[in-house]
Each structure stands twice: as structure tokens, then as C-alpha cells.
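One structure below.
Values in this document were obtained by computation on a predicted structure and should not be read as measured data. Just so you know, ligand 1 is whichever comes first in the structure, and atom 1 is the first atom listed for that ligand.
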Amino acid sequence: MDRIHITDVSPRDGLQNQPLHVSTDGKLGLIQRLVQAGVQSVEATSFVSPKAVPQMADASEVVAGALQRFPALRCSVLVPNLKGLERAHAAGAREIAVVLSATETMNLKNINMGLTQATEVSEQTLHAARALGMKTRAYVAVAFECPFEGLTPAARVIELSERMHAAQADEIVIADTIGATGPAQVRELVRLLASSLPLETLAMHFHDTRGMGVANAWAALENGIRRFDASVGGIGGCPFAPGAAGNVATEDLVLLAQGAGLHTGIDLMGLLDAVEHAETLLQRSLGGRSSAWLRRQKAKMASAA
Ligand code: COA
Ligand code: ZN
């Protein structure tokens with residue numbers, strides 16, 4: 001069966017902007033439940049300045065703990081610069097993601113570099129990571145719309161994606177960081193990207209700010225994309241991008257894939273356990289658009305048993 005690859009980014013994108021502090025054990029518990037649900041790839045944490053993102057201060061412990069418990073897990077970590085790469089490598093990480101935004105202002109707000117410098121630093125970091133034998137992802141963030149500069153020109157996204165491809169990023173992650181796009185724009189950008197880059201290297205990263213996450217994923221699927229980021233329970237958002245809500249929920253994406261006859265290897269009831277764990281950690285109710293229905297299914301199964 002045709003399959004889609006999902007990277008669950010909840011331990012990183014999901015937790016980075018939460019007001020409550022989550023312990024290292026709590027984060028490892030979340031990763032454990034994702035693995036138990038069949039998730040094969042996660043973004044575990046980020047090696048950024050703990051002053052900028054205090055929630056990610058335990059990055060070394062999280063990645064070391066996750067790889068020790070789950071040696072076969074694809075466990076990516078976000079690094080904004082060479083210092084982040086150094087820290088990630090020392091902690092045992094085998095896969096990194098660099099974060100390049102497609103506009104000048106978003107790069108300045110996020111990583112305190114302009115677009116030119118951010119592009120060069122991303123290239124250097126990708127080269128250095130490959131020299132260390134690591135796998136690599138490259139985000140192209142605010143690929144559709146920037147909270148500071150408005151609509152992002154597609155030509156710029158294509159140019160930056162090509163540069164990340166030339167720098168040998170294994171996966172290029174096109175991110176709708178603030179969840180502002182719609183299916184027609186997704187189709188258009190995927191078609192343009194596919195004319196200059198191998199489709200199998202492209203991944204899509206949607207946020208569900210306006211309820212368009214699943215529709216956007218469908219537009220990408222129909223145009224050949226098979227790699228997606230998602231966050232269990234739909235938690236997430238960038239602290240430096242005003243108005244960004246959570247990612248498209250992993251459970252919603254898995255349900256979409258199932259409906260389309262695509263294999264994910266992920267079990268929906270297992271994801272519900274991960275949602276419930278995240279609810280305990282964050283002390284509020286969470287869940288994608290399908291989660292109320294999933295909870296009813298779970299209750300029915302329990303009463304039938
Ligand atoms: N990890 C930890 N500390 C880091 C670091 C990293 N990857 N990169 C730099 N630092 C430290 C420096 O050592 C220095 O520490 P000091 O003040 O104790 O001497 C301090 O941060 C400032 O270094 P500088 O190179 O001047 O960085 P900056 O102030 O320009 O900040 C970033 C740049 C990238 C480190 C910072 O903007 C950042 O961490 N942003 C987070 C982005 C993010 O996570 N966004 C959400 C996900 S997309
Ligand atoms: Zn995101």
C-alpha cells in the first residue's frame with residue numbers, strides 16, 4: 001500500500017510555546033506514547049538559546065534519553081546555528097533540522113539574523129552535519145505568509161528550497177508557520193517546487209490556525225507529497241510568530257490518510273493515549289478535530305470488552 005511518513009513534532013513545536021514547564025520525564029513520556037502508537041519519526045527538541053526558549057533547556061537530556069530508550073526512532077532536533085549542531089552532536093543526535101524563514105523580518109525575530117545570513121548559516125550547518133554523518137532536514141518557514149511581511153513570494157520559497165537541496169538537505173520542510181494558507185495555494189506551490197526538486201525530498205508542515213490543516217494536507221497529498229509534520233493533539237506554535245496556533249493534529253492526519261487508503265503505521269487509539277498524556281502535562285484539554293470522536297470510539301470499545 002502507498003504510505004505516508006509522518007514526523008510528530010509535538011515534543012518540539014508542540015511544547016516550545018507552552019506556558020507550563022514540562023519536565024524531562026514528561027517529555028520522554030510523550031515520546032514513549034508516540035512510539036507505542038507506531039510513530040517512527042519525531043522532532044524531539046531544539047538546541048536553541050535557553051534564554052530564547054526556556055522550555056527547551058533540557059534538550060541534551062531529552063535526545064539522549066529518547067535515543068537510549070528507542071534506538072530505532074528517527075529523532076530529529078532543531079538547530080539554528082553551528083553551536084546548536086555542536087550541542088546536538090555531543091548529546092548523541094543523529095538527525096538535525098535547520099530553520100530558515102523565507103522573509104527578512106521573520107529570520108530577525110526568530111534567530112536574530114537577516115535572510116542572507118540565515119541562508120548561509122543554514123547551508124554551513126547542513127554541510128557540517130553531513131560531515132558528521134547526520135541526517136538533515138531544512139525548514140523553509142513562513143513559506144506562504146509571514147506575520148510581519150504578508151504574503152511570501154513563491155519564487156523566494158523555491159530559490160531557498162533549491163539552496164537547501166544544493167546544500168544536501170535530505171528533507172526540505174515547507175512550513176505554513178502561522179497557518180494562513182489554503183488548498184489552492186498549497187497545490188500551486190507544490191507544483192512549482194516539484195518542477196525543480198525531487199518530490200520525495202519535500203515535506204509539508206501545516207498549522208491549523210484557521211481549520212485548513214487537513215484540507216491543505218489533502219491538497220499536498222493529491223499532488224504527490226508523502227511526507228508530513230504533525231503534532232499529536234494539535235499542540236504547537238512558534239513563540240516568535242504572532243498569531244500562530246497549533247500544528248495540524250497527528251490524529252487528524254492519520255485519519256485522513258486512512259480514508260485515502262494510505263498506510264501510516266500509526267494507531268489512532270495509541271495517539272489518543274499520547275493526547276491524554278499531553279493533557280496531564282499541560283493541564284488543559286487538547287486534541288485535534290477528530291479527538292472527541294476517537295474518545296467515543298475508545299469508550300465504546302471499553303464497554304464492549
Ligand atoms: N544553543 C544554546 N545557546 C546558544 C546557541 C544555541 N544554539 N546559539 C547561541 N547561543 C548562546 C551564545 O553562546 C550566547 O551565550 P552567552 O550570552 O551566555 O554568551 C548567547 O546565546 C548569544 O549568542 P549569539 O550568537 O549572539 O546569539 P543571538 O543572541 O543572536 O541569538 C539564537 C541567536 C539563534 C541563539 C537565538 O535567537 C535562538 O535561540 N532563537 C530560538 C529560535 C527558536 O527556537 N524558534 C522557534 C522554533 S522555529
Ligand atoms: Zn511549526
Side-chain angles (χ1 to χ4, degrees), residues 6-18 42-63 76-91 93 96-103 105-115 117-122 124-125 128-129 137-148 171-181 203-209 212-213 216-217 227-250 253:
I6 297 177
T7 295
D8 190 295
V9 296
S10 62
R12 196 277 300 171
D13 207 346
L15 297 183
Q16 68 185 6
N17 200 22
Q18 301 296 332
V42 299
E43 192 153 276
T45 185
S46 56
F47 287 85
V48 296
S49 160
K51 281 182 207 144
V53 189
Q55 188 73 265
M56 298 287 123
D58 61 351
S60 300
E61 291 78 15
V62 170
V63 75
S76 171
V77 299
L78 185 143
V79 302
N81 54 18
L82 288 166
K83 171 153 188 168
L85 173 65
E86 229 172 76
R87 291 177 59 215
H89 185 248
I96 56 106
V98 297
V99 56
L100 172 62
S101 297
T103 66
T105 319
M106 190 65 227
N107 280 303
L108 285 170
K109 299 273 183 193
N110 195 35
I111 56 173
N112 198 25
M113 300 173 207
L115 179 57
Q117 191 191 355
T119 309
E120 287 166 6
V121 167
S122 295
Q124 286 160 10
T125 308
R137 288 163 35 98
Y139 280 103
V140 179
V142 296
F144 296 92
E145 190 170 325
C146 170
F148 308 104
E171 199 170 292
I172 293 156
V173 190
I174 305 297
D176 181 19
T177 307
I178 57 170
T181 200
M204 301 303 290
H205 174 115
F206 292 118
H207 283 257
D208 210 13
T209 315
M212 289 292 111
N216 290 337
R227 296 180 183 279
F228 290 89
D229 285 2
S231 170
V232 79
I235 47 177
C238 175
F240 309 102
N247 296 71
V248 67
T250 308
L253 194 57

> Going by an N to O cut-off under 4.0 Å, is there a salt bridge joining D229 and R137?
Replying inline: yes
>> Could you enumerate the protein N, O or S atoms under 2.8 Å from the Zn ion (ligand 2), written like residue then atom name?
In response: D13 OD2, H205 NE2, H207 NE2
> Of the non-hydrogen atoms in N247 and G237, which two are nearest, and what is the gap between them?
Replying inline: OD1-N, 4.2 Å
>> For the CG atom of L78 and the CZ atom of F47, what is their distance to the nearest 0.5 Å?
In response: 10.5 Å
> Does the pair D8 and T250 meet the rule for a side-chain hydrogen bond (donor to acceptor under 3.5 Å, both in side chains), with working shown?
Replying inline: CA-CA 7 Å; D8 190 295; T250 308; 2.7 Å; yes
>> With a 4.5 Å cut-off on side-chain heavy atoms, are N107 and L100 touching?
In response: yes
> Please walk me through it: do T177 and C238 pass side-chain contact (heavy atoms from CB on, under 4.5 Å)?
Replying inline: CA-CA 7 Å; T177 307; C238 175; 4.2 Å; yes
> Between atom OG1 of T105 and atom CG of L115, what is the distance when rounded to the nearest 0.5 Å?
Replying inline: 10.0 Å
> What residues sit with at least one heavy atom under 4.0 Å from ligand 1?
Replying inline: R12, Q16, F47, V48, S49, P50, K51, A52, V53, P80, N81, K83, G84, R87, V99, N110, I111, N112, F240
>> Could you tell me if the side chain of I174 sits less than 4.5 Å from the side chain of M204, heavy atoms only?
In response: yes
> If we only count heavy atoms from C-beta on, is the I111 to N81 side-chain gap below 4.5 Å?
Replying inline: no
